[in-house]
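It should be emphasised that the depicted structure is a prediction, and the values quoted were computed from it without experimental measurement. One is the number of the first residue; the rest follow in order along the sequence.
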Amino acid sequence: MSKLSRAERKRERAAKLLIWLADRASRNRSLLDRLCRLIVDRVSRRAPHEDFMRDPIVDGNEGFDPDELDRYQRGEGGHQVWSAAEK
């Protein structure tokens, strides 16, 4: 046996194991399914410095306060909008 065929068989076994693990993790019927989900989550999680989807504003809790968010959603923005009735 050559080393190449051993390496190929090892990759094939690893791929079959990963497919089985992902299949079990998607079921969520038994304790083994939940354990598989935990393993898949831990293996697939990126390090914080490698995750391009992380937002430093959210991580640093520098977001909107509830009143500011409400004003933004109503479209008031940074300046005060006065209607004719309020003047």
Side-chain angles (χ1 to χ4, degrees):
M1 280 187 210
S2 68
K3 288 188 178 184
L4 183 61
S5 65
R6 281 186 181 173
E8 288 175 354
R9 284 187 290 160
K10 186 175 180 180
R11 280 194 302 261
E12 184 179 344
R13 283 193 308 266
K16 285 181 181 180
L17 178 65
L18 289 175
I19 290 170
W20 177 83
L21 196 62
D23 182 43
R24 290 299 300 233
S26 67
R27 292 184 195 174
N28 199 23
R29 290 185 201 154
S30 67
L31 184 61
L32 178 63
D33 298 341
R34 291 182 189 103
L35 181 64
C36 290
R37 180 174 292 179
L38 179 70
I39 292 169
V40 167
D41 180 51
R42 188 164 271 183
V43 168
S44 62
R45 187 179 306 148
R46 291 182 175 259
H49 64 279
E50 293 176 354
D51 191 2
F52 67 94
M53 293 293 288
R54 291 192 67 136
D55 190 357
I57 293 174
V58 173
D59 291 343
N61 199 16
E62 301 171 12
F64 294 111
D65 64 349
D67 295 331
E68 186 178 6
L69 182 60
D70 187 45
R71 287 192 306 269
Y72 175 76
Q73 289 176 340
R74 286 183 292 179
E76 294 177 5
H79 57 84
Q80 184 66 29
V81 178
W82 297 97
S83 67
E86 293 178 29
K87 289 183 179 179

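A distance of 9.0 Å separates CG in Leu69 from OH in Tyr72, rounded to the nearest 0.5 Å. A distance of 11.0 Å separates NZ of Lys10 from CZ of Arg6, quoted to the nearest 0.5 Å.
Using a cut-off of 4.0 Å between Lys/Arg side-chain N and Asp/Glu carboxylate O, Arg45 and Asp41 are scored as salt-bridged.
Pairing each heavy atom of Leu21 with each of Cys36, the nearest pair is CD1-SG, 3.5 Å.
Clustering ILVMFWY residues whenever any of their side-chain heavy atoms sit less than 4.5 angstrom apart, transitively, puts Val40 in a cluster other than the one holding Ile19. Hydrophobic clustering of Ile, Leu, Val, Met, Phe, Trp and Tyr side chains at less than 4.5 Å, counting indirect connections, keeps Leu31 apart from Leu38. Residues Leu18 and Ile39 do not share a hydrophobic cluster, defined by chaining ILVMFWY side chains whose heavy atoms lie under 4.5 Å apart.
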Going through the checks in order, is the side chain to side chain contact (heavy atoms under 4.5 Å, CB included) test met by Arg71 and Asp67? CA-CA 6 Å; Arg71 287 192 306 269; Asp67 295 331; 3.8 Å; yes

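Annotation: side chain to side chain contact (heavy atoms under 4.5 Å, CB included) contacts of Arg29 (sequence neighbours excluded): Arg27, Asp33. In this structure, the side chain to side chain contact (heavy atoms under 4.5 Å, CB included) partners of Asn28, at least two apart in sequence or on a different chain, are Arg34, Arg37. For Ala47, the side chain to side chain contact (heavy atoms under 4.5 Å, CB included) test picks out His49, Glu50, with sequence neighbours left out.
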